[in-house]
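Heads up, the thing below is written out as structure tokens.
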Protein chains: 2
Amino acid sequence: MTVSVVIVDDHDVIRVGVRESLDDDIDVVGEARDVESAVAEIRAKAPQVVILDVHLPGGTGGGALDVLAEVLHRPGAPRVLALSVSDAAEDVVATVRAGARGYVTKSISGPDLSDAVRRVATGDAVFSPRLAGFVLDAFGAAGGEVAAADEDLDKLTEREQEVMRLIARGYTYREVAEKLFISIKTVETHVGKVLHKLQLSNRHELAHWAAQRRIV
Amino acid sequence: MTVSVVIVDDHDVIRVGVRESLDDDIDVVGEARDVESAVAEIRAKAPQVVILDVHLPGGTGGGALDVLAEVLHRPGAPRVLALSVSDAAEDVVATVRAGARGYVTKSISGPDLSDAVRRVATGDAVFSPRLAGFVLDAFGAAGGEVAAADEDLDKLTEREQEVMRLIARGYTYREVAEKLFISIKTVETHVGKVLHKLQLSNRHELAHWAAQRRIV
DNA sequence: GGCACCATGAGGGAACCCCCTGATTCGACC
DNA sequence: GGTCGAATCAGGGGGTTCCCTCATGGTGCC
């Protein structure tokens, strides 16, 4: 069985590396280096699998998460295999929660990567050994419902998350307002709700909170 | 002119990517994935250039630095081009101080990488644009002697550093004042001097600055 | 149609942050 | 003995942050 894939990574070197590492029975039908072209490429080529760099720059949700959000919630969606230099628990959990079917680090060998792509294509979930523990901790265990690491994050509405990210990066209320084309007062309202929902008391704690789960 | 290179990186995917990205006039004569085999390979193959992953695991000095130490201080030593996902100032400065003749990130394109290899081979120093600033700041300028990576930190008096650390952790001026048994006004003065000396504009940037060099 | 929730925004106030000028004390240095 | 830097502190001003309350329009649900 031939598997079609699209490779999304902003690093030319890594895209080449992935492409050349894959076995002949895996057909690279497209590549992209940013959020916009990734979404377009995936819709156009409709691959079975997307190999997605977790640290993709751009977008409003941190790059890779934007791509996942755009691409997954429609019929015929591809399976997504996340590829990352990071093995931090937060990255893994956020990515998997966003819909990725697998998560491997760039330390993976070529044959193993090909194998992971094939397994994801058939519906398996694939995780590097040292990541499996994180996933099992974050899911299952509790008994069906997701005992997620960022159950907190889910409490926030989309708009609140958007504002939260900008605030966590150090933008002033005024700057956030300008970026999102809303008034300062609305930003204040959103921030207030975010702080309350996350049980934080000021923007410094928020920045720290966000940094810890690599949201920023 | 053909240039001979040895590629050192613990990630299979990246070694393949680098190898395949290089032009035909660059001859990959060897590869290695850890400190020991890198040193052996470089001595055996005596390449003109070594492409070295900065985050190489193993060894006593952080991997890449061990390789540099072993390989450089002998006649006929190769030129070393450091390759990294990181553009943190400390990494760059430490690597260059250890003897690397160039430092590029993995976001470099294939042709640019080939060009960098050729230029390093001929004795040029090559740095990604956004890294050049760090290098010029850390070296030269002062006039011969090496101005260390945290020359910035040295500008601060002890008291200023103490205040800076607390501010960077998110304490309010009032809290810092209480912790250090001084008045809020004194804290303000110290913070003002710190921001000025470090060329920062507010406490958020200070927190970020401190986080980057792992001061907090 | 109500109800809940979300996004938007206003007004006002207390606290906090940042900058400016200016001051005193103390120890080090030439 | 004067000079210089470090550390301490004050007053004031303008902008920012955080917390209230309140209000409107839209959307999804029963």
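Every chain is numbered from 1, with letters handed out A, B, ... down the list of sequences. All values below were derived from every heavy atom in this structure, side-chain atoms included, with hydrogens, water molecules and symmetry-related copies excluded.
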Exercise. Can you give one letter per nucleotide of nucleotides 16-29 of chain C, 5' to 3': B if a protein heavy atom sits under 4.0 Å from the base, S if only from the sugar-phosphate, - if neither?
Worked result: SSBB----------
Exercise. Are B/Asn202 and B/His204 linked by a side-chain donor-acceptor pair shorter than 3.5 Å?
Worked result: no
Exercise. The helix from C/dG1-D/dC30 to C/dC30-D/dG1: angle between its terminal axes, five pairs each, to 10°?
Worked result: 30°
Can you tell me how far [atom2] of [N] sits from [atom1] of [X], to the nearest Å?
X: A/Leu206; N: D/dT16; atom1: CG; atom2: P; value: 19 Å
X: A/Gln199; N: D/dC19; atom1: CD; atom2: P; value: 12 Å
X: B/Lys193; N: D/dA6; atom1: NZ; atom2: P; value: 7 Å

Exercise. Are any of the side-chain heavy atoms of A/Pro47 and A/Ile42 separated by less than 4.5 Å?
Worked result: yes
From [atom1] ([X]) to [atom2] ([Y]), nearest 0.5 Å:
X: B/Glu162; Y: B/Ile167; atom1: CD; atom2: CD1; value: 12.0 Å
X: A/Glu160; Y: A/Leu198; atom1: CD; atom2: CG; value: 9.0 Å
X: B/Leu113; Y: B/Arg118; atom1: CG; atom2: CZ; value: 9.5 Å

Problem set entry | Worked check of side chain to side chain contact (heavy atoms under 4.5 Å, CB included) between A/Val5 and A/Val28 | CA-CA 5 Å; A/Val5 303; A/Val28 179; 3.8 Å; yes
Exercise. Below 4.0 angstrom from OP1 or OP2 of C/dT8, is there any side-chain N or O of A/Thr186?
Worked result: no
Seminar exercise, completed: All heavy atoms of B/Ala121 vs all of B/Arg79, minimum pair found to be O-NH1, 3.0 Å
For this session: For A/Thr157, answer base if it contacts any base atom (sugar-phosphate contacts may also be present), sugar-phosphate if it contacts only those atoms, and nothing otherwise; contact means non-hydrogen atoms under 4.0 Å.
Result: sugar-phosphate
For this session: Evaluate whether atom CD of A/Glu158 has more than 12 neighbouring non-hydrogen atoms of other residues, nucleotides or ligands under 6.0 angstrom away.
Result: no
